[in-house]
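All values reported here derive from a predicted model rather than from experimental measurement. The figures that follow rest on heavy atoms only: side chains count, while hydrogens, waters and symmetry mates do not.
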Amino acid sequence: MTGSSICEEELAWLDATAQADLVRRKVLSPTELVEAAIGRIERLDRRLNAVVTPLFEKALAAAGAAGLPDGPFRGVPMLLKDFLCLTAGDPAYGGMRALRDRDWRAPEDSALAARFRSAGFVFCGKTNLPELATSITTEPLAHGATRNPWDLTRSPGGSSGGSAAAVAAGMVPVAHGNDMAGSIRMPASACGVVGLKPSRARTTLGPAYGEYWGPVTHEHVLTRSVRDTAAVLDATAGPASGDPYTAPPALRPYREEVGADPGVLRIGFRTTPPGATNPAHKDCVAAVEHAARLLDSLGHRVEPTSAPCLDDPALFEALVPLFAAVLAWELDQWSERVGERLEPADLEPMNEMLARVGRSVTAAQWLSGTQAWQRWARGVAGLWDEEVDVLLTPTLPAPPAVLGALAPTAQSPEELVAAVSGGIAFTVPFNVTGQPAISLPLYRSDDGLPIGVQLVAAYGREDVLIRLASQLEQAAPWSGERPPSFD
């Protein structure tokens, strides 16, 4: 690296805001930032398997181009999850062997990818995920398992597991993820990084989609700092032409909420997964209790809440038929794109089973399930109207799983469906309600594994979460906590 006394290892642990500042002050060039990220990916990914499609030549060309946009993150290297956020001409496999074998490539940028580019980010590659983003571990048959930087025998979570592992290992300061049932927050918890699921429709899914998987899909990033999470949202939030609806506009830039006084908030906490009778794993309970004490010390009104609205069985009764219908639809849309018929047998066993079930779900059943979710969501929203400003829960009901335990062929399809349903118990409710929720790396188990906690605000109130998350980051900083073998 030339032009600076900053060593590569020091650079690796700077957040995106700090890296962009180096470019702005001409301490480093965009090319130097990208070269450093590529070097770290090449050295470390042999152990992690987080990056399935390197885009190094394109990245270096973009970083050195005179037309690199002068956005807030000019020259900062970034990775994209290989799902939904498409980039023109690049491979897009979605964890599917059928797409990998056909080397399918995206015809255009998605609107979100275009906004990342306009912000100045440079795409260095695509990250691993479970096939079609349907699992809570990242172990697709198409690409093999991604390993957790904190313990290489453990899962990084899913479905944005490759992105979370890459950020946690210092490959890049920020990586894209999407969240249909917890897929940003769960890997953020497992890998010890920050993961915000914004409010529904805060970011666009255009131009291809108005909604995706019905109402549950949300897009954002995984980061190491709250200020990055906020600033990237400033760069990407807002509707695109033709979106069916949009979230209420922010009162001011989210970056201005970082460090702002959150006031005294009513914070309720719960450690029993929705629909269950027993609490989460003891480490996850301990993480919530630790966070509750910290919040109390900061002056908030913190009390346990039973939140019985979360236990209404309508949530999980509709889950399998609706997600099964989604898998059947996925096969149909990919058949159209690749120009040949794809069948359930082209998928991994759990997804094959779901796709077969999904082909028998009628339009009336889909509408009934969606209506049941909407009624359920109205009941849950009342908790924020009457009792809390923020709900605190574990992000995951258990510490990161051992690799192989939830692999595509490790259990029967029915057993894997049950395991996935249990794993998303704390996160999927807020995909259905559309509320913003964030996982923060506030706790470590006795054996050093990250254990995240989830904070949930009312619909449209990312500002509340960012203020509170920033306050917690200042009170209990996590920036110095790095995976020991990747420090």
Kindly write out the residues that satisfy ring pair (Phe, Tyr, Trp, His ring centres under 6.0 Å) with Y93, not counting sequence neighbours, or none if the list is empty. none
I need the S189 OG to I184 CD1 distance, nearest 0.5 Å. 14.0 Å
Hits for salt bridge (charged side-chain N to carboxylate O under 4.0 Å, His left out) against R115, two or more places apart or cross-chain, chain-then-number order -> none
Those residues that, when tested against H176, pass side-chain hydrogen bond (donor to acceptor under 3.5 Å, both in side chains) (two or more places apart): E219
Which residues satisfy the salt bridge (charged side-chain N to carboxylate O under 4.0 Å, His left out) test with K58, sequence neighbours excluded? D90
I'd like to know if the side chain of R102 reaches the main chain of A98, judged simply by a donor and an acceptor atom lying under 3.5 Å from each other, with no hydrogens or angles considered. yes
Which residues pass the side-chain hydrogen bond (donor to acceptor under 3.5 Å, both in side chains) test with S199, not counting sequence neighbours? E462
E9: salt bridge (charged side-chain N to carboxylate O under 4.0 Å, His left out) partners, not counting sequence neighbours: R40, R43
Who pairs with Y443 by ring pair (Phe, Tyr, Trp, His ring centres under 6.0 Å), at least two apart in sequence or on another chain? H290
Cation-pi geometry met for R224 and W478 (6.0 Å, 45°): no
Taking only residues two or more places apart in sequence or in another chain, which ones pass side-chain hydrogen bond (donor to acceptor under 3.5 Å, both in side chains) with D311? R270
Acceptor/donor pairs from residues 230-240 side chains to any protein atom, 3.5 angstrom cut, sequence neighbours excluded:
residue: D234; atom: OD1; partner: Y254; partner atom: N; Å: 2.6
residue: D234; atom: OD2; partner: Y254; partner atom: N; Å: 3.3
residue: D234; atom: OD2; partner: R255; partner atom: N; Å: 2.9
residue: T236; atom: OG1; partner: V232; partner atom: O; Å: 3.0

Interatomic distance, C191 atom SG to R147 atom CZ [nearest 0.5 angstrom]: 12.5 Å
Salt-bridged, R359 to E343, with N to O below 4.0 Å? yes
Test ring pair (Phe, Tyr, Trp, His ring centres under 6.0 Å) applied to W376 - qualifying residues, sequence neighbours left out: none
Using modelled atom types only, decide if a donor and an acceptor are shared between the side chain of D243 and the backbone of L205 within a distance under 3.5 Å. no
Going by side-chain hydrogen bond (donor to acceptor under 3.5 Å, both in side chains), name the residues that satisfy it together with E352, two or more places apart in sequence or in a different chain. R356
Checking W334 now: which residues fulfil ring pair (Phe, Tyr, Trp, His ring centres under 6.0 Å) with it, not counting sequence neighbours? W104
Step by step, work out the side chain to side chain donor-acceptor pair (under 3.5 Å) result for T146 and N49. CA-CA 5 Å; T146 297; N49 191 37; 4.6 Å; no
Are R47 and D45 close enough for a salt bridge, meaning some N to O gap below 4.0 Å? no
